Amino acid sequence: MTDPRPAPEGTTTERAATQRPAPCDVPATLGLILAGGRAQRMGGGDKALIRIGERTILEHTLAHFVPQCASVVINANGDPARFAAIGLPVVADSVPGFAGPLAGILAGLDWAAELHTDIAWVASVPSDCPFLPRDLVARLHHARGDAGTPLACARSGRRAHHVIGLWPVALREALRHALVDEALRKVETWTARYGVAATDWPDTPVDPFFNINTPEDAAEAARLARLYPVNDA
């Protein structure tokens with residue numbers, strides 16, 4: 001495993017990884033679906049359960065993500081029964097007060113440490129990304145391995161997607177300390193302490209990390225899915 005000791009404060013490594021086929025030696029990785037947000041721009045509720053075509057946004061996300069992972073868990077607060085039809089475990093934040101995506105990532109790291117002791121890595125994605133690349137997990141592992149960093153994130157169109165990333169379970173107590181004792185909330189502030197490698201995807205004709213925050217975004221996602229059905233298979 002990559003050395004998880006902190007890099008000098010404030011440093012971040014960004015290195016684009018070349019695209020490669022998924023190898024058989026990618027470490028077993030727990031997939032974490034981040035569905036803990038409050039969807040305020042969508043009027044509240046679970047935007048991941050909005051339908052695009054024949055399936056919900058979450059079902060589209062899972063269709064792309066599940067095959068890449070050894071196991072998958074959903075991070076969501078509130079009544080987990082609303083995700084019962086999905087058939088996946090649901091874990092809530094352990095840090096109170098809607099502490100943001102880092103709290104969801106910590107919940108995933110704790111889940112792996114407690115219930116999947118053979119898994120040393122967690123890959124996180126939002127629940128509202130219906131066009132995820134099917135080589136996401138493999139390329140994140142390549143990126144952090146090539147760069148010699150413990151963390152990796154996705155990037156498209158020169159924009160980093162900090163919550164679409166790879167996290168070592170070994171850093172979970174460090175993350176807990178940052179959240180609880182330091183009240184740290186910004187993902188990129190925490191990852192900069194250790195070094196994060198970014199791996200690039202093109203953002204045309206469809207950004208694979210297009211995410212849905214507004215009703216207009218949902219309508220655009222439906223339009224893109226009709227125009228480019230290969231991304232929605």
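Just so it is clear, the structure is predicted and the values come from calculations on it, not from any experiment.
Counting heavy atoms from C-beta on, the side chains of Trp201 and Asp135 come closer than 4.5 Å. Within the 4.5 Å cutoff, the side chain of Leu58 has heavy atoms near those of the Ser127 side chain. The shortest side-chain heavy-atom distance between Leu136 and Ile164 falls under the 4.5 Å cut-off.
The aromatic rings of His141 and Trp121 stand perpendicular to each other, their planes meeting at an angle above 60°, with 30° marking the opposite boundary. Using cut-offs of 30° and 60° for the angle between ring planes, the Phe209 and His161 rings count as tilted.
Distance check: Thr56 OG1 to Leu49 CG gives 6.0 Å after rounding to the nearest 0.5 Å. With rounding to the nearest 0.5 angstrom, the CH2 atom of Trp190 is 14.0 Å from the NE2 atom of His162. In this structure, Glu114 CD and Leu109 CG are separated by 10.5 Å, a value rounded to the nearest 0.5 Å. Considering CD of Glu220 and OG1 of Thr214, their distance stands at 10.0 Å, rounded to 0.5 Å. To the nearest 0.5 angstrom, Phe210 atom CZ is 9.5 Å from Asp128 atom CG. The distance from the CD atom of Glu188 to the SG atom of Cys153 is 9.5 Å, given to the nearest 0.5 Å.
More than 12 heavy atoms of other residues, nucleotides or ligands sit less than 6.0 Å from atom CZ of Arg51. Within 6.0 Å of atom CD in Glu54, 12 or fewer heavy atoms from other residues, nucleotides or ligands are found, so the atom counts as exposed in its surroundings.
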Do Leu32 and Val73 pass the side chain to side chain contact (heavy atoms under 4.5 Å, CB included) test, and can you show the C-alpha distance, the side-chain angles, and the key distance before you say yes or no? CA-CA 5 Å; Leu32 174 65; Val73 62; 3.8 Å; yes
CA sep, side-chain torsions, deciding dist, call: Asp110, Val91, side chain to side chain contact (heavy atoms under 4.5 Å, CB included): CA-CA 10 Å; Asp110 284 342; Val91 57; over 6 Å; no
Could you check Val125 against Ile33 for side chain to side chain contact (heavy atoms under 4.5 Å, CB included), going step by step and ending with a plain yes or no? CA-CA 5 Å; Val125 299; Ile33 302 285; 3.6 Å; yes
Derivation and outcome, side chain to side chain contact (heavy atoms under 4.5 Å, CB included), residues Leu30 and Val169: CA-CA 10 Å; Leu30 175 71; Val169 176; over 6 Å; no
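Here the shortest heavy-atom pairing between Cys69 and Val137 reads SG-CG2, 4.2 Å. Of all heavy-atom pairs spanning Ala152 and Ala143, the tightest one is CB-CB, 4.4 Å. Heavy-atom minimum distance, Ala99 versus Val95: CB-CG1, 3.7 Å. Heavy-atom minimum distance, Lys186 versus Leu184: O-CD2, 3.4 Å. When all heavy atoms of Phe131 and Ala221 are compared, the pair lying nearest together is CZ-O, 3.5 Å. The nearest pair of heavy atoms linking Tyr194 to Pro150 is O-CD, 3.5 Å.
Checking Asn211 against Asp217 by side-chain atom types alone, no donor-acceptor pair falls below 3.5 Å. Judged purely by distance below 3.5 Å, without hydrogens or angles, the side chains of His142 and Asp146 never pair a donor atom with an acceptor atom.
One N or O on the side chain of Gln68 and one on the backbone of Pro133 form a donor-acceptor pair closer than 3.5 Å. Side chain of His60 to main chain of Ile52: a donor-acceptor pair is present (N/O by atom type, distance under 3.5 Å, no hydrogens or angles). In this structure a side-chain-to-backbone donor-acceptor pair under 3.5 Å is missing from Asn77 to Ala92. For the pair Arg185 (side chain) and Leu179 (backbone), a donor-acceptor distance under 3.5 Å is present. Counting only distance, with no hydrogens or angles, the side chain of Lys47 and the backbone of Ile212 share a donor-acceptor pair below 3.5 Å.
Under the side-chain contact (heavy atoms from CB on, under 4.5 Å) test applied with Trp167, the options Leu106, Ile105, Leu140, Leu175 reduce to a single match, Ile105. Only one option out of Asp207, Asp203, Asp200 pairs with Ser156 in a side chain to side chain donor-acceptor pair (under 3.5 Å); it is Asp207.
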